[in-house]
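Okay, so here's the structure we're looking at.
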Amino acid sequence: TAIGDSVRVWWDKPLDGEQGDQRKTETAQEIIRLLSTTNGKLTTRQISEALGLKPNSTNDVLARLVREKAIERSQTDRGTWCFSLLEDPPM
């Protein structure tokens, strides 16, 4: 609140959305660690089960990682989407 030439600032705890973003970042790191320990490709279900996450939450983070080019998404012969680390990640 401004009064004349002075300013008063209150520092609040992070909003729920900001804490959610932090959790998504932690989940992204967990997914990348998991994918780095496998030689193959994993489905959303396999990733969710391995990390104890809800599939919808996992999908959101996977989509962000694909957009950020941290991982890649490919389709099997049966039409199942799988995720893996990029062979040549961007620097």
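In this chain, numbering begins with 1 at the start of the sequence shown. Bear in mind that the values here come from a model prediction, so they are computed numbers and not experimental data.
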Reported CG-to-CG distance for the pair Leu65 and Leu86, which is rounded to 0.5 angstrom: 10.0 Å
Give the minimum heavy-atom separation between [X] and [Y], together with the two atoms involved.
X: Leu34; Y: Ala50; result: CD2-CB, 3.8 Å
X: Ala70; Y: Ile32; result: CB-CD1, 4.3 Å
X: Thr38; Y: Leu42; result: CG2-CD1, 3.9 Å

Which residues share a side chain to side chain donor-acceptor pair (under 3.5 Å) with Gln46, sequence neighbours left out: Thr43
Phe83 and Val66: CA distance, side-chain angles, deciding distance, side chain to side chain contact (heavy atoms under 4.5 Å, CB included) verdict: CA-CA 9 Å; Phe83 298 88; Val66 170; 4.0 Å; yes
Set of residues satisfying side-chain contact (heavy atoms from CB on, under 4.5 Å) with respect to Thr76, sequence neighbours excluded: Arg78, Thr80, Cys82
Any side-chain heavy-atom pair of Leu62 and Arg73 under 4.5 Å: no
Student check: side-chain heavy atoms of Ile31 and Val61 closer than 4.5 Å: yes
Residue pairs, two or more places apart or on separate chains, that pass salt bridge (Lys or Arg N to Asp or Glu O under 4.0 Å) and touch residues 30-45: Arg23-Glu30, Arg45-Glu49
Ser36 vs Leu85, side chain to side chain contact (heavy atoms under 4.5 Å, CB included): CA-CA, chis, key distance, verdict: CA-CA 7 Å; Ser36 71; Leu85 292 178; 3.6 Å; yes
Pairs of donor and acceptor atoms involving the side chains of residues 52-59, under 3.5 Å and at least two apart or interchain, shall be tabulated with distances.
residue	atom	partner	partner atom	Å
Thr58	OG1	Ser48	OG	3.0
Thr58	OG1	Lys54	O	3.0
Asn59	OD1	Thr44	OG1	3.2

